[in-house]
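One structure is given below, encoded as structure tokens.
In listed order, ligands and their atoms are each counted from 1. Start at 1 with the first residue, then count along the sequence. We use all heavy atoms of the structure for the numbers below, so side chains are in, but hydrogens, waters and symmetry mates are not.
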Amino acid sequence: MSYELNILVTGANGQLGSEIRYLVMSDELGVMNENDLKFITQNSKFFFTDKSELDITKKEDIKKFVEENNINVIINCAAYTAVDRAEEEKDIADLVNHKAVKHLANTAKERNIPLIHISTDYVFDGENYKPYVEDDPVNPQGAYGLTKLKGEEAFKASGATGIIIRTSWVYSSHGHNFVKTMLKLKDRDELNVVFDQVGTPTYARDLAHAILEIINKNFEKIKNKKAEIYHYSNEGVISWYDFAKAIFEIENIDIKVNPIESKDYPTLAKRPHYSVLNKKKIKNEFNVEIPYWRESLKEYLQRINNG
Ligand SMILES: NC(=O)c1ccc[n+]([C@@H]2O[C@H](COP(=O)([O-])OP(=O)(O)OC[C@H]3O[C@@H](n4cnc5c(N)ncnc54)[C@H](OP(=O)(O)O)[C@@H]3O)[C@@H](O)[C@H]2O)c1
């Protein structure tokens, strides 16, 4: 069988990569445009790789893999995402989030194939008072954000085509995330959660869906973009405190959640106080529909409760 596209997904065991894999492998393509997505999942060949199959810090391995499998598009979900640990492991974070992105982008450029790269709201300092647009000035506050920013810049400098999607507060059925942490703490009498960090959660399955939809309907368009940046999270605006409250409310868990200030919950890495992303550009250019955060959270909790 010959395929329309050979799609490489790196970091495929992580939160986002696993959700892409889930959508591709299952018949259940999510809530939006189900029929449309069947085209890409049935007519493309996906290569799901994580560190053990393809370590993105190894330049020659990337080249070889892309050539041998005649890859037409790379979705880079691989990253070093331990925000606090990155302060102590700056070199490793830089290797994965910056230098490896350079290798991927250079290979993409050489092969003339687009790269879809994922970045973060933590490139911003959080001093804004309204949702960040793509060309707002960046000013990362920690090592993670800085290495991710350098990754974006390396992609731009490579001359490769494709897009960068900045996202925020990701949770998924796979891996570690805030929702799972809250659920693990559910037997406590009370919990303190910061209310002065405001943003929007992103259900990784929604983002995975959006990425597949963009490739499916806009492949020609992304082939002509030069590392163009887009923002994607769920819709709405909340603090981590509100997020915790919503998780417990939806799950009918009786627990007292106390709003606290970030200064009373010291972490190694400084986080932006405000990192809401404006999604107008991705919605307008690619016709992506974005669910409201609470609807996605409900769907997610239902899924994990059903095993
Ligand atoms: N998580 C968030 O809240 C958040 C927020 C904003 C933006 N983002 C961005 O969204 C993207 C996806 O994040 P995620 O939450 O899905 O991350 P994740 O769950 O940490 O997944 C990243 C995956 O990449 C793998 N990886 C690490 N080093 C690698 C290497 N050298 N070669 C190949 N694979 C490697 C990891 O393996 P190991 O686990 O074995 O290291 C892991 O499976 C990332 O670009 C991240 O920066 C995430």
Side-chain angles (χ1 to χ4, degrees), residues 8-23 47-62 65 74-86 89 91-105 107 115-124 126 132 138 140-152 154-155 163-181 197 199-208 210-211 229-234 240 243 267 269 271-272 275-277 293 300:
L8 167 62
V9 181
T10 61
N13 295 342
Q15 295 202 87
L16 177 60
S18 303
E19 296 291 0
I20 297 177
R21 190 200 299 255
Y22 175 85
L23 288 178
F47 297 78
F48 292 102
T49 62
D50 209 281
K51 227 181 301 181
S52 56
E53 297 89 17
L54 179 61
D55 180 340
I56 64 161
T57 63
K58 304 211 163 108
K59 189 162 69 176
E60 293 310 317
D61 290 2
I62 299 172
F65 193 98
I74 303 172
I75 309 174
N76 181 30
C77 301
Y80 180 104
T81 56
V83 176
D84 289 314
R85 209 171 349 122
E89 294 185 350
D91 289 351
I92 307 174
D94 189 68
L95 197 61
V96 182
N97 293 341
H98 164 213
K99 296 197 178 79
V101 178
K102 186 171 163 185
H103 303 329
L104 287 168
T107 300
L115 170 63
I116 298 179
H117 174 62
I118 314 300
S119 192
T120 174
D121 55 333
Y122 283 12
V123 296
F124 295 117
Y132 281 100
V138 288
Q141 297 296 289
Y144 166 74
L146 181 64
T147 57
K148 292 293 291 184
L149 177 62
K150 285 185 176 169
E152 289 185 3
F155 179 4
I163 60 173
I164 296 168
I165 302 178
R166 290 190 188 132
T167 188
S168 61
W169 298 22
V170 177
Y171 65 94
S172 147
S173 323
H174 312 266
H176 304 288
N177 57 61
F178 181 79
V179 186
K180 287 188 180 174
T181 305
Q197 286 173 36
T200 319
T202 303
Y203 180 20
R205 190 161 303 174
D206 294 336
L207 176 55
I211 292 170
I229 301 174
Y230 295 86
H231 287 171
Y232 184 101
S233 67
N234 281 123
W240 290 107
F243 197 21
T267 51
R271 288 158 168 79
S275 66
V276 180
L277 300 173
W293 70 269
Y300 168 78

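For atom 3 (O) of ligand 1, the closest non-hydrogen atom on the protein side is V170 N, 2.9 Å. Atom 20 (O) of ligand 1 has T81 OG1, 2.6 Å as its closest protein atom, hydrogens excluded (heavy atom only). In terms of protein heavy atoms, atom 21 (O) of ligand 1 is closest to G14 CA, 3.2 Å. K51 CG, 3.7 Å is the protein heavy atom nearest to atom 29 (C) of ligand 1. Shortest contact from atom 15 (O) of ligand 1 to any protein heavy atom: Q15 NE2, 3.1 Å.
Counting atoms of ligand 1 from 1 in the listed order, those under 4.0 Å from a heavy atom of T120 are 6 (C), 7 (C). Ligand 1 places these atoms under 4.0 Å from at least one heavy atom of L54: 32 (N), 33 (C). Using a 4.0 Å cut-off to heavy atoms of V96, the atoms of ligand 1 that qualify are 28 (N). Near T57, the atoms of ligand 1 lying under 4.0 angstrom from a non-hydrogen atom of the residue are 31 (N). Heavy-atom contacts of D55 reach the following atoms of ligand 1: 30 (C), 31 (N), 32 (N) (cutoff under 4.0 Å). Close approach to I56 involves these atoms of ligand 1, each under 4.0 Å from a residue heavy atom: 30 (C), 31 (N), 32 (N), 33 (C).
One finds no salt bridge joining R166 and D121 here, because no Lys/Arg side-chain nitrogen approaches an Asp/Glu carboxylate oxygen to under 4.0 Å. Taking 4.0 Å as the cut-off between side-chain N and carboxylate O, D91 and K99 do not count as a salt-bridged pair.
Comparing W169, F178, Y80, Y144 against atom 46 (C) of ligand 1, the shortest heavy-atom distance belongs to Y144. Among C77, S18, A79, the residue whose heavy atom lies closest to atom 26 (N) of ligand 1 is A79. For atom 37 (O) of ligand 1, the nearest non-hydrogen atom from the set I165, L95, D50, V83 comes from D50.
Side-chain atoms of T167 come within 3.5 Å of backbone atoms of Y232 as a donor-acceptor pair (strictly under, hydrogens ignored). Panel note: side chain S18, backbone Q15; no donor-acceptor pair is recorded below 3.5 Å. The backbone N or O of Y80 sits less than 3.5 Å from a side-chain atom of N97, completing a donor-acceptor pair.
Across every non-hydrogen atom of G175 and K180, the tightest pair is O-NZ, 2.8 Å. In terms of heavy-atom proximity, E19 sits nearest to A204 at CG-CB, 3.7 Å. In terms of heavy atoms, I165 sits closest to L207 at CG2-CD1, 4.1 Å. Residue I75 comes nearest to I20 through the heavy atom pair CG2-CD1, 4.1 Å, listed as atom of the first residue, atom of the second, then distance. Between Q197 and P272, the closest heavy-atom pair is CG-O, 3.8 Å. Across L146 and P140, no two heavy atoms sit closer than the pair N-CB, 3.5 Å.
Backbone and side-chain nitrogen or oxygen atoms of S168 are examined, and none is located within less than 3.5 angstrom of a nitrogen or oxygen of ligand 1. In terms of polar-atom proximity, defined here as any N/O pair under 3.5 Å, K148 does make such a contact with ligand 1. For L16, a nitrogen or oxygen atom sits less than 3.5 Å from a nitrogen or oxygen atom of ligand 1, counting backbone and side chain alike. Of the N or O atoms in N13, none lie within a sub-3.5 Å distance of an N or O in ligand 1. Distances between N or O atoms of T167 and those of ligand 1 include no value under 3.5 Å. At a 3.5 angstrom cut-off on N or O pairs, D121 does not count as close to ligand 1. Residue I118 places at least one N or O, backbone or side chain, under 3.5 Å from an N or O of ligand 1.
The local environment of NZ in K102 is sparse, with at most 12 non-hydrogen atoms from other residues, nucleotides or ligands closer than 6.0 Å.
Counting heavy atoms closer than 4.0 Å to ligand 1, residue S119 contributes backbone atoms (N, CA, C, O) but none from C-beta onward. The proximity of A78 to ligand 1, defined as any non-hydrogen pair under 4.0 Å, involves the side chain as well as the backbone.
With rounding to the nearest 0.5 Å, the separation of CG in D61 from CD1 in I56 is 11.5 Å.
Judged by the 6.0 Å distance and 45° axis criteria, R205 is not positioned over the aromatic ring of Y300.
At a distance under 4.0 Å, a protein heavy atom can be found next to atom 43 (O) of ligand 1.
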